[in-house]
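For reference, the structure is listed below as structure tokens.
Below, chains carry the letters A, B, ... as their sequence lines are ordered, and counting in each starts from 1.
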Amino acid sequence: MNVSPLRDLLVGCFVLAGLLSLAYLSVTLGGLSYRGPGGLQIHATFDEVGGLKPRAPVVIGGVKVGQIKSIQLDGDLRPRAVLDVDPAVGIPVDSSASILTSGVLGDQYIGIELGAEEDVLKGGDEIQYTQSAVILERLIGKVVQNLGADSE
Amino acid sequence: MSGNPVERLGRGTTDLVVDLGGLARFAGRVVVAGSGRPWRLRRLLDEVFGIGVLSISIIGLSGLVVGLVLGLQGYNTLVRFGAENSLGAVVGLTLIRELGPVLTALLVAGRAGSAIAAEIGSMVVTEQLDGLRMMSVDPEDFVVAPKAMAMVISMPLLSALFITLGLFGGMVVAVGIVGGDAGIYLTSLESSVEFREDVLGSLVKALVFGVLVALIATWRGYTAEPNAAGVSAATTSTVVASSVSVLIFDFFITALWRV
């Protein structure tokens with residue numbers, strides 16, 4: 001077969017385009033960007049995580065700074081989430097984590113309210129103050145119960 | 001075919017086992033021949049051109065159109081539940097987990113697999129493989145291995161291109177036709193696709209399908225009857241056997257590993 005530089009160039013372009021598509025699928029869509037040993041891992045224990053799932057974003061003031069690595073029950077059977085956050089963001093030790101919902105039917109995420117301390121959380125630390133997910137059914141149940149109590 | 005039905009069943013089963021055994025030994029020889037020196041990069045590059053680069057147009061066009069259709073169909077269904085904001089997730093997961101690898105494999109089997117079988121088959125007919133053996137060039141190393149390797153390399157790349165263009169097609173529908181928002185489409189897409197479960201599974205599927213199509217196409221060509229009808233039979237059975245085995249393997253991969 002005759003050797004042509006144009007053919008080699010086209011093969012090169014094909015492989016590049018394929019690899020770029022794979023990279024797009026993996027990094028942008030697959031969320032590989034926050035994986036890796038550089039991530040700072042902190043823990044947070046809640047009473048109720050609701051629909052919170054691994055890879056849900058961790059945000060400070062609406063800006064994503066990390067994601068949930070895993071959620072497991074701890075020794076006291078309370079759900080404990082491992083947060084994988086950017087180590088460049090210094091989170092004060094007295095910060096609090098709440099499970100919030102984007103929109104009415106949207107996905108759940110963890111929002112961090114910053115504290116005032118000078119010291120920042122290190123790897124393996126626990127966030128002391130947490131606020132659990134709001135479960136719509138329980139909320140409605142409470143409202144119905146209260147309405148019933150009022151009318152009596 | 002003579003003899004009673006039980007005898008014929010027995011002979012059919014034996015033939016199938018012999019065929020599969022021959023395929024496995026052939027696969028082993030090709031892997032051994034292809035992994036040793038000389039590397040034959042020139043041959044590999046030419047085959048990647050024939051199998052991969054020349055398939056880009058059909059794969060790209062099909063991916064785009066499949067994405068457009070998925071976008072429209074998904075929108076029509078989702079809008080009944082008021083969930084049209086999840087269009088990106090529907091299009092993305094369908095394409096990445098299922099349609100991307102499977103449709104790419106079917107298209108490549110039809111376009112490039114048949115060509116591989118016909119080319120090797122006609123080399124058998126014109127005794128070119130015997131000619132190579134006479135010059136003590138191993139045809140499995142010189143002819144088969146580069147083609148099989150090029151197929152295994154090209155399949156995941158083509159599948160990724162198919163998926164990316166399909167996602168773009170879905171976005172064209174979401175933004176241009178039904179008047180949605182590109183940001184909502186991309187957010188729903190990005191938040192629902194997982195790397196390990198979805199993207200890696202898609203990659204594994206494409207690799208498995210690449211190996212399947214490569215083996216079946218080269219084996220059918222290599223064992224073609226040395227006449228014109230033999231080449232045509234090899235080409236036909238390549239497309240039929242690789243399409244069916246891709247679909248069957250897809251079911252088992254999905255069932256066993258939930259990808």
For this session: Give, as side chain, backbone, both or neither, the part of B:L167 having an atom under 4.5 angstrom from any heavy atom of chain A.
Result: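 For B:L167, the side chain is the part near chain A, not the backbone.
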For this session: Heavy-atom distances under 4.5 Å only: say whether B:I96 touches chain A with side chain, backbone, both or neither.
Result: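 Side chain only.
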Exercise. Roughly how far, to the nearest 0.5 Å, is the CD1 atom of B:I56 from the CZ atom of A:F14?
Worked result: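 Between A:F14 CZ and B:I56 CD1, I get 5.5 Å after rounding to 0.5 Å.
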Exercise. Rounded to the nearest 0.5 Å, how far does CG of A:L22 lie from OG of B:S202?
Worked result: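 Here the interatomic distance stands at 8.0 Å.
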Kindly check if the number of other-residue, nucleotide or ligand heavy atoms within 6.0 Å of [atom1] ([X]) is above 12?
{"X": "A:Q131", "atom1": "CD", "result": "no"}
{"X": "B:M123", "atom1": "CE", "result": "yes"}
{"X": "B:Q73", "atom1": "CD", "result": "no"}

For this session: Specify the closest pair of heavy atoms between B:A160 and A:G18, including all atoms of both residues, with the distance to one decimal.
Result: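 Nearest heavy atoms, B:A160 then A:G18: CB-O, 3.9 Å.
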For this session: Please name the pair of heavy atoms, one in B:T164 and one in A:S21, separated by the smallest distance, quoted to 0.1 Å.
Result: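 Closest approach of B:T164 to A:S21: OG1-CB, 3.1 Å.
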Problem set entry | Greatest number of heavy atom pairs closer than 4.5 Å to chain A - which of B:G92, B:S188, B:S154 |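 The answer is B:S154.
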Problem set entry | Qualifying residue, where the test is side-chain contact (heavy atoms from CB on, under 4.5 Å) with A:L10 and the options are B:L54, B:V53, B:V48 |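 The side-chain contact (heavy atoms from CB on, under 4.5 Å) with A:L10 is passed solely by B:V53 among B:L54, B:V53, B:V48.
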Exercise. Who are the salt bridge (charged side-chain N to carboxylate O under 4.0 Å, His left out) partners of A:D47, not counting sequence neighbours?
Worked result: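 By the salt bridge (charged side-chain N to carboxylate O under 4.0 Å, His left out) rule, A:D47 matches A:R78.
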For this session: Could you go through the side-chain contact (heavy atoms from CB on, under 4.5 Å) check for B:V193 and A:L25 one step at a time?
Result: CA-CA 9 Å; B:V193 177; A:L25 294 177; over 6 Å; no
Problem set entry | Contact list for residues 103-113 of chain B, test side-chain hydrogen bond (donor to acceptor under 3.5 Å, both in side chains), sequence neighbours left out |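 Found B:S55-B:R111.
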Problem set entry | Portion of A:P54 that has a non-hydrogen atom of chain B nearer than 4.5 angstrom |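 When you check distances to chain B, only backbone atoms of A:P54 fall under 4.5 Å.
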